[in-house]
Amino acid sequence: KKVRQKIHYKNVSHKLLHGFDIEKKLQQYLKRESANLLATSTRYRDIIQRVFGSSITKKIAYHTSVPLIAFHYKQESVVFI
């Protein structure tokens, strides 16, 4: 709702995907919907998560067939202008 209130472009959509293999689900969704752009939001990861975990956004960036824009996590609140 917040994005739609601030952005007046009508061709913006979002979808909440569930599953274990999010990369595969995203690729299927992008292909099925003929998407032109994928926007993701990163999240804060502590040092342990960075060392032992993996970034879904980073993995998708290497395998997606559409342009990807990643909005990086910030601790302060984000305001759309």
Side-chain angles (χ1 to χ4, degrees):
K1 285 182 175 181
K2 289 181 182 180
V3 172
R4 289 205 179 268
Q5 290 172 352
K6 301 293 180 181
I7 298 174
H8 303 290
Y9 183 68
K10 294 182 192 252
N11 286 334
V12 173
S13 64
H14 67 279
K15 176 83 173 174
L16 184 59
L17 302 174
H18 299 278
F20 292 104
D21 190 352
I22 193 66
E23 296 167 70
K24 184 177 179 181
K25 290 249 185 215
L26 268 173
Q27 289 296 347
Q28 291 170 345
Y29 177 77
L30 293 171
K31 186 175 183 178
R32 183 176 62 246
E33 298 297 321
S34 300
N36 296 322
L37 175 72
L38 173 63
T40 64
S41 176
T42 62
R43 64 180 184 88
Y44 174 78
R45 298 183 318 144
D46 62 28
I47 187 70
I48 302 297
Q49 291 171 322
R50 282 185 260 157
V51 171
F52 295 107
S54 60
S55 167
I56 294 172
T57 300
K58 195 177 282 189
K59 286 181 182 179
I60 292 168
Y62 292 113
H63 298 101
T64 187
S65 57
V66 298
L68 169 70
I69 184 169
F71 295 96
H72 292 279
Y73 171 85
K74 289 187 175 187
Q75 283 190 304
E76 66 271 5
S77 61
V78 176
V79 178
F80 290 96
I81 299 174

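On a predicted model such as this, the values are computed, not experimentally measured, just so you know.
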Audit row: Leu68, Thr57, side-chain contact (heavy atoms from CB on, under 4.5 Å) steps and yes/no: CA-CA 9 Å; Leu68 169 70; Thr57 300; 4.3 Å; yes
Atom CG of Asp21: over 12 foreign heavy atoms under 6.0 Å: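 It does: Asp21 CG has more than 12 such atoms within range.
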Atom pair CD1/CG of Ile60 and Leu26 - distance to nearest 0.5 Å: 4.5 Å
Under 3.5 Å donor-acceptor, Gln27 side chain and His63 backbone: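 It does hold such a pair.
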